[in-house]
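Working notes, structure below.
Computed from heavy atoms alone, side chains included, the values below leave out hydrogens, waters and symmetry copies. Every chain is numbered from 1, with letters handed out A, B, ... down the list of sequences. Computed from a prediction, not measured in an experiment: that's the story for all the values here.
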2 protein chains.
Amino acid sequence: MAPRAASKTAESSDKVGVICRALRRAIIEQALEPGAKLPEDSLGERFGVSRTIARHALGQLAAEGLVELRRNRIAVVATPSWQEARDAFDIRIELERLVVRQLAGKLTKNQIAELTAHVDAEDRARDGSDAVSIRLATEFHILLAHMTNSPILVRYVSEVAYRCCLTLSLYSRPHSSECAINEHRAIIAALVKGDEAKVMGLMHSHLDSVANRALVAPAPQRGRDLLEILAPYAEERDGGRVVKLSKVVRAR
Amino acid sequence: MAPRAASKTAESSDKVGVICRALRRAIIEQALEPGAKLPEDSLGERFGVSRTIARHALGQLAAEGLVELRRNRIAVVATPSWQEARDAFDIRIELERLVVRQLAGKLTKNQIAELTAHVDAEDRARDGSDAVSIRLATEFHILLAHMTNSPILVRYVSEVAYRCCLTLSLYSRPHSSECAINEHRAIIAALVKGDEAKVMGLMHSHLDSVANRALVAPAPQRGRDLLEILAPYAEERDGGRVVKLSKVVRAR
DNA sequence: GACGCCTGAATTGCATGCAATTTGACGGCC
DNA sequence: GGCCGTCAAATTGCATGCAATTCAGGCGTC
C-alpha cells in the first residue's frame, strides 16, 4: 500500500502534520480526555518544535472541531454538547451513505482484501483495550472513504468520524462498539454484491445504531461541563442556605 | 438578531478571522482568480499584520480547500479539478438536503422574513456584477444552514458552498446563476409549508441544476491549470518537431 | 534562436523575544 | 470560616530575525 502522502489539504509541512496526527490519535484513543489542557509550549517541547508549530497544529485541530481554542486561554480538547454529537452523527450518516453509494460494486480485489484484513484486525483487537477497538472501528470508515478517491469526501468523513469518536468517549457507556464488527462485514459483503440501495440502508442503520447505543440520554453521564450540568441546581438550597456556585466554578 | 459571534471553530483571534473572511470573499467574488498568488508578506502588509498572522490565515483557508499550500512555495488560490468540483456538489446536495429536512415547517416569522429579504436582495443585484450575484446566491444557502443552529452543519455547508462557488468561477460559462432566484423562492415556500419531502426534492434539483449548468463539460474552458490541460499534448508534434513544454511550464 | 546553467532577489520555515492577558494563591477583611 | 482584592507565575498574541529554499533573469553555449 502506498504511504498515503500527507492528507494534502494542510498539515503538509510535516512537522505540523505529525503533531496533528499524534494528537488526533491521542484524542480518539482517549489518552487525552475532553477538557484536557494543551499548552503550546508543553506540546512544542514534547515534539521538539517551537510554539509556533504547536500553535499551528492546534489551529488545524480546532478547525476540525477536536480542539477548543479560546483567546488568551490554554487550548483544550473539545467537549461537544449532546446536541452537537447528534448533529455530527446526522451529517456522518449522509456522508457515509454517499461513500457506499459511490463504492457499491466498484471495489477492486485489492480493496476488498484490504477491507477484510482491517475487519479481521478489529476482530483480533476485541480483547485489547476499548480505546483501540474504537479507533479501529473509526478507521474502517475512513478507509472506505479513501477508496472513493475523493479527497473532499475523505476529509469530511474523517473529520466527522473523529468528532463522533470523541463524543462516544464522552457520552457512551463502555463496550458499546462491540457488535459493530459484524455490521462492518455485512457492509463489505453488500458492497461486493453491488446492491446500492441495500448497502446504503446497511450503512444508515449501522451508524444509527452506533449513535443510538451511545447517545441514549440527553444528559451526559461523565460530564466535564460542570457548569452546564449544574445550571438547573444553581438555585437549589442546601439546608436552608443558598449554595454558592463560585467554588464549583473554580473547580472547573 | 445576535451578532453571530465569530464562527467559533477557529478564526476567533479576530485578526486571523478578518483576513480569512476578506480572502474568502475576494475569492468567491473572483477578485482573486484560481491560481492567484498569495505571498505571506504582501498579505501581512496589506492587512497591517505580520507574516505570522497571514500565514495562519492561509493555513485555515487551505484547510477549507480554498487555498493551495505547497511547501516552500507561494500559496495560491486553489484550482479544483473538474472531478473535485463534481464531488463537492455531490456532498453539498446531501448536506443541504439535511439542512432543509431539519428546517421544514420550523421556521420562525423572523427567519422567513430574513430569507425573503435576502432573495429580494438577490433580485436587486441582478443588474450588478455577476460576482455579487454569485456571492449572494451562495450566501442564501449559508443563511439557511445557520438557521439549523447546528455549528457543524453551518461549517460544512459553508465550506462546501464556497468550494462550489470557486469551481463555478472556473468551469461555468457566464450568467449561469440567473434563474436560481426563483428556485430559492420556491424553496422558501416549501419550507414554510413544511413539506419535508417536497423541499428536499426541490433543494436536490436546484443544486443539481446549478451543477449541471456549470459542469457540463469535463474539460475546463478557461483553464488556469495549463499543465493539466496540456498534458495530453505533451508528446504532440508541431510541424515535425516535438514541442517542449518547459516554456509553457514557465508561463504558469 | 532556443536551451541550460548560474547567481542575486524574493519567499517561505521556523525559532525566539517582548508585551498583554489569564491563572491561582496568598493575605486581609467581614 | 468564607469572601474578595492584589500580585507573581504561567501562558498566549504577535512581530521579528536568520537559515534554507525557490524564483527570475542574464549569460554562455550549442
Under-4.0 Å side-chain N/O to phosphate OP1/OP2 contact, Arg55(A) with dT12(D): no
Does Arg71(B) put a side-chain nitrogen or oxygen below 4.0 Å from OP1 or OP2 of dC14(C)? yes
Output yes when a side-chain donor or acceptor of Arg21(B) lies under 3.5 Å from a complementary backbone atom of Val16(B), and no otherwise. no
Please give, in whole Å, the distance from [N] [atom2] to [X] [atom1]?
| X | N | atom1 | atom2 | result |
| --- | --- | --- | --- | --- |
| Leu38(B) | dT11(C) | CG | P | 12 Å |
| Glu40(B) | dT22(D) | CD | C1' | 13 Å |
| Ile74(B) | dC23(D) | CD1 | C1' | 8 Å |
| Arg70(A) | dT22(C) | CZ | C1' | 11 Å |
| His56(A) | dG13(C) | NE2 | P | 9 Å |

Within the sub-3.5 Å range, which N or O atoms of nucleotides 15-19 of chain D have a protein N or O partner, and how far apart are they?
from: dA15(D); atom 1: OP1; to: Ser50(B); atom 2: N; distance (Å): 3.4
from: dA15(D); atom 1: OP2; to: Ser50(B); atom 2: N; distance (Å): 2.9
from: dA15(D); atom 1: OP2; to: Ser50(B); atom 2: OG; distance (Å): 2.7
from: dA15(D); atom 1: N7; to: Thr52(B); atom 2: OG1; distance (Å): 3.0
from: dT16(D); atom 1: O4; to: Thr52(B); atom 2: OG1; distance (Å): 3.2
from: dG17(D); atom 1: O6; to: Arg51(B); atom 2: NH2; distance (Å): 2.8

Measuring from the side chain of Asn72(A) (C-beta onward, heavy atoms only), which nucleotide among dT11(C), dT22(C), dT22(D) has the closest atom? dT22(C)
From the list dG13(C), dT22(C), dG13(D), which nucleotide is the closest neighbour of the side chain of Arg73(A)?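 Selected nucleotide (nearest to the side chain): dT22(C).
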Can you name the side chain to side chain contact (heavy atoms under 4.5 Å, CB included) partners of Glu94(B), sequence neighbours left out? Glu94(A), Leu98(A), Arg101(A), Arg97(B)
Atom CG in Leu144(A), atom CD in Gln111(A): separation rounded to 0.5 Å?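 Here the rounded value is 9.5 Å.
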Would you check if Glu114(B) and Met147(B) make a side-chain contact, meaning some heavy-atom pair closer than 4.5 Å? yes
So do Leu168(B) and Phe89(B) actually touch side chain to side chain, heavy atoms under 4.5 Å? yes
Please determine if Arg155(B) and Glu159(A) form a salt bridge, counting it only when a charged side-chain N lies under 4.0 Å from a carboxylate O. yes
